[in-house]
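Values in this document were obtained by computation on a predicted structure and should not be read as measured data. First the proteins, then the strands, lettered A, B, ... as listed; each starts at 1.
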Number of protein chains: 2
Amino acid sequence: MPSDEIRAALIRRLCISSAIADEDIKEIEALPISVRQYPAETAVVRDGERATDCCLIADGFCARSKTIASGKRQILSLDIPGEIPDLMSLFLHVMDHDLSTLTPATLGFISHEALLKLHRRRPVLAEMFWRDTLIDAAMFREWIVNVGQRPAPARLAHVMVELRERLRIIGRVDEGSFEMPLTQEQIGEALGITAVHANRVIRQLREEGIVELHRGRVTVIDERRFLELADFDDRYLYQSPTL
Amino acid sequence: MPSDEIRAALIRRLCISSAIADEDIKEIEALPISVRQYPAETAVVRDGERATDCCLIADGFCARSKTIASGKRQILSLDIPGEIPDLMSLFLHVMDHDLSTLTPATLGFISHEALLKLHRRRPVLAEMFWRDTLIDAAMFREWIVNVGQRPAPARLAHVMVELRERLRIIGRVDEGSFEMPLTQEQIGEALGITAVHANRVIRQLREEGIVELHRGRVTVIDERRFLELADFDDRYLYQSPTL
DNA sequence: CCCCGGTTCCAACAAAAGTTAAGGACGCCG
DNA sequence: CGGCGTCCTTAACTTTTGTTGGAACCGGGG
């Protein structure tokens with residue numbers, strides 16, 4: 001994948017939540033990005049490491065997670081193409097969590113230095129990136145609610161809808177089906193339940209004819225009951241800056 | 001409380017995680033702040049509202065929370081003097097959660113306009129506030145892990161230690177005891193458990209001689225076992241910008 | 001001073017989730 | 001094509017947590 005396409009993915013996404021001037025787009029296009037391929041299930045940055053670059057996902061799925069002393073792991077977010085999951089490392093240099101690939105992925109690395117220079121030159125872009133980290137935080141808040149208050153089947157549905165809405169923006173949902181390349185173990189880690197229980201929940205949703213999950217692909221069967229179960233409100237996801 | 005003292009609380013906290021130049025401090029001191037008193041258990045900003053000011057806590061405790069369709073409420077953070085819990089509203093104007101007081105509180109309101117102007121004048125301060133929102137996000141990540149992976153007693157201990165460490169910075173811990181002005185109902189909402197279970201957990205920690213919780217005040221009995229249970233790593237809380 | 005409302009506390013029972021264990025499906029590699 | 005490993009699947013049993021309901025406590029207001 002050429003480096004241009006990678007920038008394009010980023011710009012496309014940024015344009016959705018902010019209006020960007022042409023000259024600013026050019027600035028982004030001029031950002032030096034070094035591209036690297038990663039296999040599935042590989043750490044990109046680890047908890048405790050000091051980051052000097054931010055990682056733009058050009059293709060593939062990633063996840064952020066933290067592991068506690070007991071060895072249990074909690075997935076904090078699923079990250080998709082066009083996103084910069086570790087933008088926070090720009091100012092919080094030492095990582096407080098892991099970033100790793102779920103699938104084989106194409107990642108573009110942008111140095112902190114280049115980003116900071118860009119911010120100085122174009123404060124508007126700095127604000128846009130700041131906004132981006134704030135939406136990230138909003139997603140964490142919703143994730144807390146999901147794990148803390150919803151019964152397990154609703155948790156799964158909620159994560160699915162959120163992922164679908166985000167994939168929809170980048171044109172990766174077709175005919176009510178979309179990718180969610182997690183093992184049941186990982187689904188459990190995302191929902192704060194065990195893999196066995198995750199399996200129970202998946203089966204239940206299938207038996208009730210709500211949603212099908214097979215080989216990392218989600219197919220919604222009964223849209224109405226699916227949305228009802230998920231209790232999803234997209235307000236936190238995309239908010240126009242003009243609001 | 002005079003408006004000077006309020007600014008002082010903010011500056012003191014900001015100085016801890018960043019080095020600020022004298023002229024920048026002066027800029028902050030020049031910020032127009034309008035002070036208001038709030039009774040306990042009162043909404044400051046509500047989910048869905050459009051914010052035009054940010055709220056600096058001068059005195060008292062606040063909490064952020066979200067309520068889902070079923071009526072269940074999840075507390076997302078506990079907020080203490082010196083903090084600006086809704087700084088995110090600067091760019092995410094419509095609130096995605098509630099901010100309310102736990103105790104009677106003195107709050108200082110700073111208009112978005114004034115903050116944005118300050119940022120234009122002093123980009124370094126903008127970065128400092130950005131950093132602040134990033135630490136906020138780091139705390140959300142840890143909160144997700146707490147609710148998602150730790151057994152209930154550890155969850156309680158973890159929230160207690162986090163609060164204590166933050167209170168310590170502002171000089172509000174004396175002799176191993178500190179304020180945590182939550183009802184058991186609210187503790188449940190913070191930990192993602194019911195009030196009844198919260199009560200069980202509190203009793204258990206008391207019976208095991210680990211920590212005492214009485215009338216909104218926490219007294220640690222066995223520091224070693226307390227820390228061990230909490231599984232606390234302060235890395236996410238304060239990170240020097242020079243790191 | 002006493003009553004009232006909100007906490008705190010507790011017990012018994014129900015439901016949800018964790019644990020352990022084991023068989024089956026599937027893809028990959030030799 | 002057969003074997004191996006990973007994931008999925010399921011069942012039986014245990015533990016944790018939720019639910020319901022009620023008693024004791026406590027502080028503030030009449």
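- One finds a salt bridge joining B:Glu223 and B:Arg164 here, because a Lys/Arg side-chain nitrogen approaches an Asp/Glu carboxylate oxygen to under 4.0 Å.
- Applying the 4.0 Å criterion to OP1 and OP2 of D:dC7, one finds that A:Arg215 has every side-chain N and O outside that range.
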Scoring nucleotides 9-23 of chain D by protein non-hydrogen atoms under 4.0 Å (B base, S sugar-phosphate only, - none) yields BBBB----SBBB---
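- Taking atom CZ of residue B:Arg217 and atom P of nucleotide C:dT7, one finds them 20 Å apart after rounding to whole Å.
- Counting heavy atoms from C-beta outward, B:Arg200 and B:Gln204 have side chains that stay 4.5 Å or more apart.
- At a threshold of 4.0 Å, the pair A:Arg235-A:Glu165 does not count as salt-bridged, since none of the basic side-chain nitrogens sits closer than that to a carboxylate oxygen.
- The distance from the CG atom of A:Leu78 to the CG atom of A:Leu163 is 6.0 Å, given to the nearest 0.5 Å.
- Distance, A:Glu185 CD to C:dT19 P: 11 Å, rounded to whole Å.
- From one end of the helix from C:dC1-D:dG30 to C:dG30-D:dC1 to the other, with five pairs defining each end axis, the axis direction shifts by 30° (rounded to 10°).
- In summary, B:Arg141 and A:Asp98 do not engage in a salt bridge, as defined by a charged side-chain N under 4.0 Å from a carboxylate O.
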Please evaluate residues A:Ile144 and B:Lys66 with respect to the criterion side-chain contact (heavy atoms from CB on, under 4.5 Å), reporting the C-alpha separation (whole Å), side-chain torsions for both, the decisive distance (0.1 Å), and the verdict.
CA-CA 9 Å; A:Ile144 293 174; B:Lys66 288 184 92 155; over 6 Å; no
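- The cationic group of A:Arg36 lies under 6.0 Å from the six-membered ring centre of A:Phe109 and within 45° of the ring axis, placing it in a cation-pi geometry.
- Residues A:Val145 and A:His158 fail the side-chain proximity criterion, which asks for heavy atoms closer than 4.5 Å.
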